[in-house]
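We number each residue from 1, following the sequence as shown. Small disclaimer: the values here were computed from a predicted structure and weren't measured.
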Amino acid sequence: MPMMPWQKYVILDACKVKDDGEWLARTAALLISRQNGKTTLLKFRILAGLFLWDEPLQLAAAQNRDISLEVFRSVISIIESHDWLSRKVKSITRANGREELETNTGCRYKIIAATPGSARGLSCTTIYIDEARMHKTTDAFAALAYTMQAAKNPQMWITSNAGDIHSVLLNQIRQRALNKIENNTDDDIAYWEWSAEPGLKLADRKGWVQANPALGHTITEDILQARMNDDPVVIQTEMLCQWVSTFSSPWNPGDFTSCTQPGLKLTPDRTTWMGVEIAPDRTSFAIVGAQMLDDGSIGVGLMDMESQDTSIDDLLIADRIAQWSKKYNAEAILLNKFSGDSVAAKLRLASVNAEVIAGAKYYQACDETLGAMAGARITHAGQPELTASVNACVKKTTEAGSWYVSRRKDAVPAIAMMLAIHKATERGNSNEFGVLVS
């Protein structure tokens with residue numbers, strides 16, 4: 001049963017051992033788009049544990065039992081189709097809820113539910129958590145991890161395609177891996193991710209290649225093209241393995257990235273408007289500037305941002321805004337009413353033109369930003385913090401049918417940008433700058 005190149009790469013990397021023979025990676029995490037051969041890879045790993053490495057107990061857990069059963073039945077099918085493997089099996093239990101295989105040497109492979117109590121009393125060597133994006137808490141993960149405490153040379157496999165902000169377990173595992181990469185931490189995790197570059201258009205074949213290493217082996221471009229009629233967010237997570245913050249993003253995929261102009265800088269000699277967003281819990285704030293550029297687009301740039309665990313003093317926020325306002329001789333500063341009212345009052349006392357926005361005006365700012373992105377009427381330099389915040393925005397809808405961007409901490413820079421765009425659009429509609437005539 002030949003393996004695809006990507007499968008060989010992962011299994012060889014995951015099975016590296018230290019000088020004492022123990023796994024170099026105690027945690028193996030794999031993110032990859034659907035239908036690329038992830039399940040086949042897991043089957044090979046399970047068979048190796050049973051027949052090559054004499055692992056006493058392998059547990060497979062998934063939020064959806066059908067996923068674990070699919071792998072279990074496939075492993076059984078492979079064994080039963082080869083006499084030399086069948087002769088090594090002592091028993092197979094197929095009863096619902098008791099699925100288990102045991103070899104003549106006492107090695108077992110068992111399916112359990114992904115719940116905190118399902119693994120109680122067990123001591124296992126290898127654990128498989130598939131579709132990790134469906135885990136909304138880390139309770140089951142923690143319970144399973146403790147079954148490996150006394151095991152000799154344990155290893156945990158965590159596999160999935162991309163998730164969203166509610167994929168708590170997967171978010172933590174991915175952040176743990178990124179932290180190791182960025183800070184060279186002494187962590188025994190190995191991590192592989194095949195995903196389309198953030199911001200690419202759904203139809204960009206570059207992203208198809210990046211997220212589907214089985215392309216040209218078991219997947220064809222025609223198959224991927226046929227998915228283009230699906231819900232865009234489903235395409236992002238299932239086919240492109242794009243890490244989205246939510247399944248209800250307000251923006252069209254790729255619109256913000258397509259407005260990038262590397263090297264763009266806002267200059268003090270242009271009329272400038274500033275948007276300021278302060279998180280509802282006041283632990284972060286961001287200042288974004290907007291200017292009308294020569295081509296008629298609205299240039300935006302993140303000027304300043306601060307984030308901490310405790311509330312930030314209004315005086316500090318007001319002082320930072322005043323400094324940027326003075327540097328750019330800002331015509332107006334726009335803040336959200338419910339968190340920015342007191343800061344705006346302090347700014348006005350210092351003769352800074354500060355305004356607040358709420359309700360229908362905020363909804364308008366959201367819609368104007370959506371339209372400006374879609375029409376390529378904004379320009380930005382591609383600042384990572386601003387881009388990440390735009391990608392983290394969550395769309396909410398009122399009972400009356402209006403929509404808006406939820407005011408969450410990770411969306412703070414994006415909302416500051418929206419406020420700046422609103423002010424620039426408002427002035428542009430006055431035709432003072434000869435653009436955006438309504």
Side-chain angles (χ1 to χ4, degrees), residues 1-17 21-23 25 28 30 32-62 64-114 122-131 144 147-148 151-160 190 192 212-220 223:
M1 299 179 68
M3 302 179 80
M4 287 180 279
W6 82 262
Q7 293 170 323
K8 291 182 181 179
Y9 173 76
V10 169
I11 200 68
L12 289 175
D13 205 27
C15 295
K16 290 177 180 177
V17 294
E22 294 197 354
W23 301 123
L30 168 65
I32 194 168
S33 297
R34 297 283 297 278
Q35 302 301 311
N36 272 272
K38 168 171 58 70
T39 299
T40 300
L41 181 69
L42 293 180
K43 289 187 299 187
F44 290 151
R45 174 62 181 82
I46 292 165
L47 289 166
L50 286 169
F51 299 110
L52 296 180
W53 303 328
D54 293 326
E55 295 179 337
L57 177 59
Q58 299 183 79
L59 291 181
N64 183 344
R65 271 181 56 82
D66 289 342
I67 297 168
S68 296
L69 283 171
E70 178 188 351
V71 181
F72 180 82
R73 291 164 180 161
S74 186
V75 168
I76 300 303
S77 177
I78 292 173
I79 292 172
E80 292 182 338
S81 64
H82 295 82
D83 290 340
W84 66 276
L85 286 177
S86 294
R87 290 193 296 269
K88 296 175 182 289
V89 175
K90 177 181 179 181
S91 64
I92 298 175
T93 303
R94 293 181 170 88
N96 186 34
R98 297 175 52 210
E99 293 84 0
E100 183 176 327
L101 179 150
E102 184 176 0
T103 68
N104 294 330
T105 58
C107 297
R108 297 157 63 205
Y109 162 47
K110 180 181 177 66
I111 292 178
I112 62 170
L122 296 174
S123 178
C124 61
T125 308
T126 313
I127 291 174
Y128 304 92
I129 300 179
D130 199 7
E131 294 300 316
L144 289 166
T147 68
M148 304 168 69
K152 181 181 179 181
N153 201 19
Q155 189 174 60
M156 177 181 285
W157 280 75
I158 298 172
T159 54
S160 187
W192 309 270
N212 295 275
L215 190 61
H217 298 276
T218 58
I219 295 177
T220 66
I223 290 174

[X] to [Y] - nearest heavy-atom pair and separation:
X      : Y      : result
Tyr109 : Ala60  : CE1-CB, 4.0 Å
Lys90  : Thr103 : CB-O, 3.6 Å
Ala28  : Trp192 : CB-CZ3, 3.7 Å
Lys38  : Leu30  : CG-CD2, 4.2 Å
Ala151 : Pro154 : O-CD, 3.6 Å
Asn36  : Leu215 : OD1-N, 4.5 Å

Distance check, rounded to the nearest 0.5 Å: [X] atom [atom1] versus [Y] atom [atom2]?
X      : Y      : atom1 : atom2 : value
Met156 : Ile127 : CE    : CD1   : 4.0 Å
Met1   : Leu47  : CE    : CG    : 8.0 Å
Arg108 : Ser91  : CZ    : OG    : 9.5 Å
Arg98  : Ile112 : CZ    : CD1   : 15.5 Å
Gln155 : Thr126 : CD    : OG1   : 6.5 Å

Does some side-chain heavy atom of His217 sit less than 4.5 Å from a side-chain heavy atom of Trp6?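 The answer is no, as the side chains (C-beta and beyond) never meet within the 4.5 Å cut-off.
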Tabulate below the donor-acceptor pairs under 3.5 Å that side-chain atoms of residues 68-80 make, not counting sequence neighbours, or state none.
| residue | atom | partner | partner atom | Å |
| --- | --- | --- | --- | --- |
| Ser68 | OG | Ala62 | N | 3.4 |
| Ser74 | OG | Lys43 | NZ | 2.7 |
| Glu80 | OE2 | Arg94 | NH2 | 2.6 |

Residues in salt bridge (charged side-chain N to carboxylate O under 4.0 Å, His left out) with Asp54, at least two apart?
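Partners of Asp54 by the salt bridge (charged side-chain N to carboxylate O under 4.0 Å, His left out) criterion come out as none, since no residue qualifies.
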